[in-house]
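Note on naming: letters A, B, ... go to the chains in the order of the sequence lines (proteins, then strands), and numbering restarts at 1 for each one.
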Amino acid sequence: MKKLRNNKGYTIAELLIAMFITGVLAAAGFEFYISMHNQTLAQEEISDMQQASRASLQDITRTLRMAGYKIGSHDPYAINGDSLYIFFNGTQPVDSVLYYLADYSESELAGMASFPTGSTPHKLMKKVNSATAELFADYITDVTFTAINSSTVQVTIDVQAAQPDEDFVDNGGYRTFTALETVNLRNVAL
Amino acid sequence: MRKVFIDNDKGSALLISLLLMGMLTLLAIMAVRSSNTDMDLTFNQINADKTFYIAEAGAKRAVAKLNEDKTWNAGFSNVSFNDGTYDVNITDSTMVVALYDTVIVTSTGTTINAQSAIEMIVAPEYIYPFNKAMFADDSIHTMNGMLTDSYNSDSGSYADTRDTLWGDVGTNGTVTIENGCLIGGDVSSSNSDSGIIINGAPYIYGDTTSEAPVQVLDVIPDEEFSDARASYIPPSGLSGDYTYNAATGDLEVAKGTLTLGDGVYYFNSVILKNSASVEIAPGAHVVIYVENQVEVKNSGNVNNLGKPEDLVFYSKGDIVLKNGGDVYGVFYSTNGECDIRNSGQFYGAVVAENIVVHNSASFHYDRGLMDFWKRQTGRMLPIAWREI
């Protein structure tokens, strides 16, 4: 009963000061959280980007290493711009695996972030023999296949983040990553 | 009033601190979890790469082992190598007869959480010694208007298939080409110092290199000669005119025509002279092992109805072809001299330690010999490789 009748309170000044301090702290906290969140998202984008390029590169490397396996005088591989044909003997006398870049369709692009002019990514496709080509990796800006010598091919994959990163200035905010591997064609170098 | 405010120890600092700490901890845990996944991915990648190279190391060691001992098929089990282990299995013709001289090496590399396997097919290295018109281990000397060109006995006659290329001349040592010679083919030497000596202005229609890979010549094992000696019962297969000296093992044809039937022969020496001719029975393939010299001097035609590969001489001694008629044959002597001069036309190929060709001898290489008589060099080489 005694407590109910307690009419001690905070003065308006106290309240204002308390609200001000709380506000500043909350704003700082929020800002911190937002930047942490953005960083986490950016980090995820970077991880995804690296993972996509590494996984693609590993698959290409693995297949390319085997190029020329038991196919006699058939060419082990063929490079045509950003397409790479790899030939070896697997399920058929000469199996072919084709890696190439394909453009996104209008409808696919509509569902994505708007990319700055000139940096519209492509999708990396993999086509085994006459099967339907499969989507292999997203947001690939470029792949380069370079024959270093008769038995060595260098593969470079440039990939771009799916979302822009506010803290990144270049390339319209889209971070990029390049994965590179020099592949020794075991069957050619024998 | 002021005193009351300061004394007021009611508050929620602890609560707020706990809340804030909780939130931060949650954030930190999330970040750690996400980077843990990345780290796991990276570790898996590293381990996968590692096992691949461990497996490859195992396979390479197996190839080295096979080069020491072709019959080795024990494999390796659980061999520690760079943070992992490899196991190698060998499959050869003792397990699968159809493999013949081929060996399949399967190597598996293992580390924690990862495994890679490689299959390597290993086969003996073969060479084709008659891939040139003439090849000498030590030296070739051509002079006084000799010429080389080529034809293909598998496709047709010399007139129909003649080519002014492929009459190649090669040596591991020095080749000397004098004025007036015409080489319808490449000239190659493995001696980059002074491997090719050209005097005057001979015609060389092909390429010239002094950096050719060394070609191993010593590829006829002695057992082959002793096997031929043991299995040949003289004078079987011989008909027509000839003299065979059973005591010395010398075969001489001094007149008329000797006809050789299908089979493998062994003689101490073979001498043709005085316009004597040699014919090969229709459809026959003749291989003659000669312990010492082969001499075809002032003779008539040799095998001029057949293909060079139907008359093959493997000799340990000298080969002399001079003042003769047309000769169709293949001559191989790893440590003998070969002297070709004043002859009619020579069709086929010659391999010897030293070769001298002079006085208008015409040498027509048979391109059909390029893949003739393959020989093992004794080395085992991987011929196919795949990851499984």
Side-chain angles (χ1 to χ4, degrees), chain A residues 6 8-11 13-14 17-18 21-22 25-26 28-30 32-37 39-55 57-59 61-72 76 88-90 95 151 179 181 183-190, chain B residues 1-2 4-8 10-13 16-17 19-21 23-24 26-42 44-46 48-49 51-53 55-56 59-60 63 102 104 107 116-123 125 379-388:
Chain A
N6 179 4
K8 275 192 255 172
Y10 296 108
T11 64
E14 282 169 356
I17 291 166
I21 293 171
T22 316
L25 282 176
F30 192 67
F32 175 71
Y33 171 76
I34 291 289
S35 86
M36 280 282 287
H37 185 68
Q39 260 185 41
T40 313
L41 285 183
Q43 203 54 53
E44 263 173 29
E45 288 293 331
I46 293 169
S47 300
D48 285 354
M49 197 163 71
Q50 291 178 347
Q51 210 50 50
S53 58
R54 281 209 194 111
L57 197 59
Q58 198 185 15
D59 190 80
T61 304
R62 191 186 150 100
T63 319
L64 193 53
R65 270 197 206 122
M66 214 154 51
Y69 176 74
K70 282 188 178 175
I71 50 170
F88 56 88
N89 169 261
D95 286 49
S151 64
E181 182 92 62
V183 186
N184 182 10
L185 277 61
R186 303 298 200 275
N187 287 289
V188 184
L190 285 172
Chain B
M1 183 66 196
R2 190 173 169 81
V4 170
F5 189 66
I6 287 170
D7 279 350
N8 181 2
K10 279 190 248 170
S12 43
I16 290 167
S17 316
L19 263 170
L20 267 172
M21 263 176 65
M23 272 170 66
L24 284 171
L26 260 173
L27 267 171
I29 288 172
M30 271 167 65
V32 167
R33 277 183 67 137
S34 147
S35 63
N36 255 354
T37 316
D38 284 347
M39 270 167 67
D40 286 350
L41 282 170
T42 312
N44 286 344
Q45 172 104 41
I46 290 171
D49 284 352
T51 53
F52 168 76
Y53 288 109
E56 203 165 38
K60 288 209 164 153
V63 173
T102 307
I104 298 174
S107 176
S116 290
I118 282 168
E119 183 190 272
M120 222 186 231
I121 299 175
V122 185
E125 182 186 39
R379 283 206 295 165
M380 294 289 280
L381 294 180
I383 53 164
W385 181 103
R386 68 171 171 160
E387 208 173 339
I388 47 177

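Among B/E56, B/M30, B/M23, the residue making the largest number of heavy-atom pairs under 4.5 Å with chain A is B/E56.
Of all heavy-atom pairs between A/N187 and B/I383, the closest is OD1-O, 4.3 Å. Here the shortest heavy-atom pairing between A/R65 and B/Y53 reads NH2-OH, 3.9 Å. Shown here for A/Y69 and B/W385, the closest heavy-atom pair between the two residues is CD1-O, 3.1 Å. Residues A/M66 and B/E387 come closest through the heavy atom pair SD-N, 3.5 Å. Looking at every heavy atom in both residues, A/K70 comes nearest to B/I121 through CE-CD1, 3.1 Å. Pairing each heavy atom of B/D38 with each of A/S47, the nearest pair is OD2-OG, 2.7 Å.
Using a 4.5 Å heavy-atom threshold, the side chains of A/Q58 and B/D49 count as touching.
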Requested in this report: For A/M36 and B/L27, run side-chain contact (heavy atoms from CB on, under 4.5 Å): C-alpha distance rounded to whole Å, both residues' side-chain angles, the deciding distance at 0.1 Å, then the answer.
Outcome: CA-CA 9 Å; A/M36 280 282 287; B/L27 267 171; 4.3 Å; yes
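For a residue to count as touching a neighbouring chain, one of its non-hydrogen atoms must lie under 4.5 Å from one of that chain's; by this rule A/Q39 does not touch chain B. With a threshold of 4.5 angstrom between heavy atoms, B/L20 does not approach chain A through any atom at all. For B/I118, no part lies near chain A; criterion is any non-hydrogen pair under 4.5 Å. If you measure heavy-atom distances from B/I16 to chain A, you find no contacts under 4.5 Å at all. For B/L41, the part lying near chain A is the side chain, with the backbone staying farther off; criterion is any non-hydrogen pair under 4.5 Å. Of the two parts of A/F32, only the side chain, counted from C-beta on, holds a non-hydrogen atom closer than 4.5 Å to a non-hydrogen atom of chain B.
Evaluation of the side chain to side chain contact (heavy atoms under 4.5 Å, CB included) rule for A/V188 yields A/P76, A/S151, A/L185 as partners, not counting sequence neighbours.
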